[in-house]
Amino acid sequence: MYQSPVRRVPRAGVSATVRHGGGRDPWRTRPGYACAMPRLSEYLLPTEREPPADAEALSHKLLVRAGLIRQVGSGLWSWMPAGWRAHQRVVQIIREEMDAIGGLEVLMPILQPAELWKRSGRYESFGEELFRLRDRKDADMVLAPTSEEAVTTHAAALIRSYRDLPKILYHFQTKERDEPRPRAAVLRSREFVMKDSYSFDRDREGLDRTYELHARAYDRIFDRCGLEWYSVEADVGAMGGFGAHEYMAPCPAGENDVVVAPGYAANLEVASAEPQPVELPPAPAGPQEAPTPGLVTIAQVAGALGLPEGALLKAYPVVLPDGSLVLVMLRGDHKVNEIKLALALGGPSRQATPEEIEAQLGPPGSIGPVGVSARILLDDAVVAGAGGYVVGANRPGLHLSGVVPGRDFMFERADVRNVVAGDTVAGHPVRIEPAIEVGNIFKLGTRYSDVLGATYLDHAGVSRPIWMGCYGIGPARIAAAAIEQFADDRGISWPRAIAPFDVHLVTLGKDGSEERELSDRLYEELRSAGLDTLYDDRDAGPGEKFADAELLGCPLRVTIGRRTLQNGEIEVQVRRGQEARALPLDDAAAATVQLWRGLA
RNA sequence: CGGGGUGUGGCGCAGCUUGGUAGCGCGCUCGCUUUGGGAGCGAGAGGUCCCGGGUUCAAAUCCCGGCACCCCGACCA
């Protein structure tokens with residue numbers, strides 16, 4: 001008699017465990033899997049015909065419709081059984097590759113004393129995103145959004161000698177971040193599982209090597225997960241650091257803009273490219289006044305003067321912390337990149353208020369660089385000497401034409417603009433596409449070891465700070481990205497490696513029929529052959545079963561019905577592309593395995 | 001934080017303008033039929049209409065105050 005998964009649950013102290021397991025824990029035969037023999041009639045796969053009304057992103061709609069996740073609150077999601085299987089398959093791939101580079105898996109707590117975070121300075125700097133709470137003794141606590149503080153504290157206590165280095169520690173742990181705006185289900189949630197690893201090295205060179213080890217492990221992880229991905233240069237962020245890469249999975253729901261050209265990929269935040277040329281009118285001997293009554297936008301002025309927007313210079317006044325004003329000038333068709341600007345200015349700045357602009361320059365809408373005393377930062381895309389630009393005259397309703405940088409105003413140079421599509425890198429035009437950040441690697445240096453006292457003694461007995469790196473991956477984002485990248489109008493199409501099941505076996509026979517009997521037997525054979533199989537043995541119509549199978553998106557669908565059985569065959573459909581083929585009933589399991597092995 | 005929107009059965013929605021027995025489709029339960037693309041017939045179950053207060057003989061509906069959730073933007077180690 002068939003034993004349901006529920007009845008097979010081994011419980012501590014229950015003799016049935018021994019009877020069924022024969023002294024061997026049946027749950028260990030398939031690591032990471034909680035249910036070894038799912039029959040859909042006894043499973044929990046809450047599929048929906050329609051997506052939630054408020055879902056926008058494709059992965060959000062499909063994750064819910066396919067019965068993989070359910071919402072608990074804003075940015076808070078539960079994984080349903082099949083969804084968790086896919087998630088755990090990603091986790092297992094990551095685990096194997098981390099172990100392969102010598103990573104040591106640990107587990108650190110989510111709940112942490114605020115004291116640690118006060119020592120690192122992040123109790124303040126992390127801001128509103130850090131969940132804070134108090135314990136019963138009224139001590140300040142935090143829910144950890146990441147684990148640098150905890151792991152560095154351990155390193156400080158446990159690593160004493162250069163002989164203890166290098167080390168890589170990692171864990172899969174729930175992260176808590178009070179996101180200002182959770183989005184698109186698991187793409188940006190307030191609580192999520194992350195693999196974060198931390199490396200400890202003797203010096204900068206050691207960190208470089210460990211960083212490279214991670215980079216190669218990450219390459220393998222995303223390849224094995226079947227994603228379309230690339231790594232990009234990234235902003236090192238406010239916390240400083242010595243280098244960073246982000247791993248991006250391009251897809252429409254992505255929140256990042258990536259600049260891509262042959263041999264080049266970078267986050268728009270840091271990308272640089274050759275600007276597209278703009279034809280400038282010849283410059284007269286000096287600036288000429290151009291009346292522009294009522295015209296305040298670039299588009300209005302360019303339109304009225306019959307010039308391309310790139311022949312105008314846009315003025316972007318900012319104020320530094322010391323209160324001084326800097327006038328950033330860039331082409332009218334370009335936009336300021338705040339991150340590059342901060343880099344050029346050596347720190348943060350803010351946009352000048354209309355009052356500040358009015359007081360120091362002129363009426364907002366027609367401000368410019370000619371005759372002003374403020375420091376001027378000129379974007380690299382602006383050329384000097386090829387012709388005259390149009391700029392604001394710092395007087396209402398008036399612009400100046402024929403303005404030549406260097407002749408009519410002095411400036412400092414910097415690259416402070418956003419790349420736009422069509423700019424070139426090494427002669428190739430770039431495109432800009434949205435992508436999900438599925439992982440990142442970051443050279444921390446000694447930022448945390450310094451403040452948390454993580455040092456070691458070198459050969460000479462000299463105390464030195466440990467060099468650290470940190471490396472993150474979000475398994476849920478990988479799953480969501482895979483859905484985004486490969487779904488079609490019928491539903492999900494999982495990459496083979498991370499599908500919740502290898503095979504979705506659909507029987508069309510009623511209980512007691514010959515088809516059903518053969519299906520039961522094939523189910524056992526598929527499982528014996530090593531394929532994780534979901535068996536749709538429900539008492540439902542064929543249309544419903546096919547629709548659910550295509551929605552769930554397992555790589556192979558095996559159908560047993562009277563039609564093909566008459567010819568001694570079963571039908572196997574490859575989910576991606578929906579190509580169907582007939583396999584002889586004899587040895588069908590082996591043939592299915594063969595087919596499965598050839599899939600992406 | 002700024003802007004926009006939505007809360008009515010498990011899901012999708014109508015009803016609200018003009019107050020008067022809470023409805024529709026899907027799903028669910030039972031029976032019969034059906035079984036290669038979300039099947040048919042019949043009989044049922046299931047709702048503090050987000051919460052609190054107010055107006056009124058009477059509030060899903062009108063008024064006041066909250067809360068929750070979504071989308072766009074800002075933000076995002």
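What's counted below: heavy atoms across the whole structure, side chains too, no hydrogens, waters or symmetry copies. Throughout, a chain's letter reflects where its sequence line sits, starting with A, and its residues are numbered from 1.
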Side chain of [X] only, please: which of [options] is the nearest?
X	options	result
A:Arg490	B:rG10, B:rG37, B:rA77	B:rG37
A:Arg181	B:rG38, B:rA77, B:rG73	B:rG73
A:Pro180	B:rC75, B:rC69, B:rU35	B:rC75
A:Glu129	B:rC76, B:rU35, B:rG12	B:rC76
A:Asp54	B:rG37, B:rG10, B:rC69	B:rC69
A:Gln71	B:rA77, B:rC69, B:rG38	B:rC69
A:Phe126	B:rG37, B:rA77, B:rC11	B:rA77

Practice problem: Verify whether one side chain among A:Thr507 and A:Ser519 offers a donor that lies under 3.5 Å from an acceptor in the other. | Solution: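 Result is yes, a qualifying pair exists.
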Could you tell me how far apart [X] ([atom1]) and [N] ([atom2]) are, to the nearest whole angstrom?
X	N	atom1	atom2	answer
A:Glu179	B:rA74	CD	P	15 Å
A:Gln351	B:rC1	CD	P	21 Å
A:Asp539	B:rU33	CG	C1'	13 Å
A:Lys61	B:rC71	NZ	C1'	12 Å
A:Asp511	B:rU34	CG	P	16 Å
A:Asp536	B:rG37	CG	C1'	13 Å
A:Met80	B:rG10	CE	C1'	13 Å
A:Tyr448	B:rA77	OH	C1'	6 Å

Practice problem: State the CD-OG distance between A:Glu149 and A:Ser147, to the nearest 0.5 angstrom. | Solution: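 A:Glu149 atom CD to A:Ser147 atom OG measures 8.5 Å (nearest 0.5 Å).
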[X]/[Y] ion pair, N-O < 4.0 Å:
X	Y	answer
A:Asp201	A:Lys167	no
A:Lys175	A:Glu191	no
A:Arg70	A:Glu48	yes
A:Arg581	A:Glu571	no

In whole angstrom, give me the gap between the [atom1] atoms of [N] and [M].
N	M	atom1	result
B:rU61	B:rG20	C1'	11 Å
B:rU56	B:rG9	C1'	29 Å
B:rG10	B:rC67	P	25 Å
B:rU17	B:rG27	C1'	32 Å
B:rG3	B:rG12	C1'	27 Å
B:rC49	B:rU21	C1'	15 Å
B:rU8	B:rG2	P	26 Å
B:rC62	B:rC26	P	30 Å

Quiz prompt | Comparing A:Ile560 and A:Gly73 on RNA chain B - which has the more 5′ nearest nucleotide | solution =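 Taking each residue's closest nucleotide, the earlier one in sequence belongs to A:Ile560.
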Practice problem: Specify the residue among A:Phe546 and A:Trp77 whose closest nucleotide of RNA chain B lies further upstream toward the 5′ end. | Solution: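 Its nearest nucleotide being more 5', the pick is A:Phe546.
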Practice problem: Report the residues that fulfil side chain to side chain contact (heavy atoms under 4.5 Å, CB included) with A:Leu213, sequence neighbours left out, ordered by chain and then residue number. | Solution: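 Expected list: A:Ile101, A:Arg216.
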Quiz item: With respect to A:Glu550, which candidate in A:Arg576, A:Arg65, A:Lys545, A:Arg490 satisfies the salt bridge (Lys or Arg N to Asp or Glu O under 4.0 Å) definition?
Solution: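 Of all the options given, the one that passes is A:Arg490.
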Exercise. Indicate whether OP1 or OP2 belonging to B:rA68 is found under 4.0 Å from a side-chain N or O atom of A:Ser74.
Key: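 For B:rA68, neither OP1 nor OP2 has a side-chain N or O of A:Ser74 closer than 4.0 Å.
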Name the nucleic acid region contacted by [X], choosing base, sugar-phosphate or nothing; use a 4.0 angstrom heavy-atom cut-off, strictly under.
X	value
A:Lys510	base
A:Ala184	sugar-phosphate
A:Ala53	sugar-phosphate
A:Pro46	nothing
A:Ala540	base
A:Glu269	nothing
A:Arg350	nothing
A:Thr564	base

Hey, is the side chain of [X] pairing donor to acceptor with the base of [N] inside 3.5 Å?
X	N	value
A:Arg65	B:rG12	no
A:Arg177	B:rA77	yes
A:Arg188	B:rC76	yes

Interface polar pairs with nucleotides 23-27 of chain B, N/O, under 3.5 angstrom:
residue: B:rC26; atom: O2'; partner: A:Arg49; partner atom: NE; Å: 3.4

Quiz prompt | Among A:Phe442, A:Tyr247, A:Tyr230, ring pair (Phe, Tyr, Trp, His ring centres under 6.0 Å) partner for A:Tyr218 | solution =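 It is A:Tyr247, the one option of A:Phe442, A:Tyr247, A:Tyr230 that forms the ring pair (Phe, Tyr, Trp, His ring centres under 6.0 Å) with A:Tyr218.
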Exercise. Taking A:Ser120 for its side chain and A:Arg122 for its backbone only, find out whether a donor-acceptor pair lies under 3.5 Å.
Key: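 It does hold such a pair.
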